[in-house]
K.L.:
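Dropping the structure in here first, questions after.
For ligands, and for the atoms within them, numbers begin at 1 and follow the listed sequence. Source: prediction; values computed, not measured.
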Amino acid sequence: MANTFSLPPLPYAYDALEPIISKQIMEIHHQKHHQTYITNLNAALAAQSVALTSNNIPQVINLQQKIKFNGGGHINHSLFWKNLAPNGSPETNIDHAAPSLKTAIEAQYGSVQKFTEAFGAVLLSLQGSGWGWLVSNGPGGKLEIVSTKDQDPVTDKVPVFGVDMWEHAYYLQYLNNKASYVEGIWKVLNWQTAEDRYLNGVEGSAVLKL
Ligand SMILES: [Fe+2]
């Protein structure tokens with residue numbers, strides 16, 4: 001019997017990211033979209049377990065894409081909720097919350113402003129659905145801005161933070177104005193989580209219990 005996954009609670013209220021991300025978007029995004037990835041992941045893993053037991057290799061192979069898509073959707077959204085914080089909270093202040101990461105960003109990109117411009121350009125150049133990520137190659141390591149298609153997760157680097165660029169993440173509020181959504185994201189970015197993942201890996205430190 002395969003393990004089953006369940007929807008992790010948001011670390012803040014549904015309306016906590018207003019006015020940057022509306023309560024309506026957060027409710028639908030978390031309760032419907034994220035839940036659906038989990039439901040489909042659990043079904044695919046259960047089917048995989050049956051297929052493995054019966055040595056049905058074609059079925060095992062057939063299920064791989066479903067596991068990748070829905071498992072990625074679950075992982076990506078779990079990371080995303082934690083790398084957001086209420087507008088104006090101390091966590092959204094890079095100086096206060098992420099001194100080490102800020103120093104690394106400045107050393108690599110020249111300034112935080114230049115970094116956010118470069119990151120925004122990657123987000124806006126994504127075609128179709130996907131994610132933009134700041135990744136590092138290990139604790140305190142080299143930074144890189146990457147994008148992934150659909151729900152492909154980052155598995156070979158540490159995802160310091162990610163931004164969901166699926167239309168379901170912004171369309172109800174921003175319509176086709178992706179640039180405005182991207183601009184707003186910086187106001188609700190949880191730099192404390194980013195700092196912790198940058199220094200301690202994706203699970204963060206035991207102290208912060210992210
Ligand atoms: Fe999403």
K.L.:
Would you tell me whether Y181 and Q173 have side-chain atoms, one donor and one acceptor, within less than 3.5 Å of each other?
P.N.:
no

K.L.:
Would you confirm whether D196, through its side chain, and Q192, through its main-chain N or O, come within 3.5 Å as a donor-acceptor pair?
P.N.:
no

K.L.:
Taking L52 as the fixed residue, which of V60, I57, L63 is the one that meets the side chain to side chain contact (heavy atoms under 4.5 Å, CB included) rule?
P.N.:
V60

K.L.:
Picking from V135, L101, V158, what satisfies side chain to side chain contact (heavy atoms under 4.5 Å, CB included) with L143?
P.N.:
L101

K.L.:
Is the distance from the Fe ion (ligand 1) to some N, O or S atom of H77 under 2.8 Å?
P.N.:
yes

K.L.:
Roughly, to 10 degrees, what angle do H29 atom NE2 and H168 atom NE2 form around the Fe ion (ligand 1)?
P.N.:
100°

K.L.:
By atom name, which N, O or S atom of D164 is the nearest to the Fe ion (ligand 1)?
P.N.:
OD2

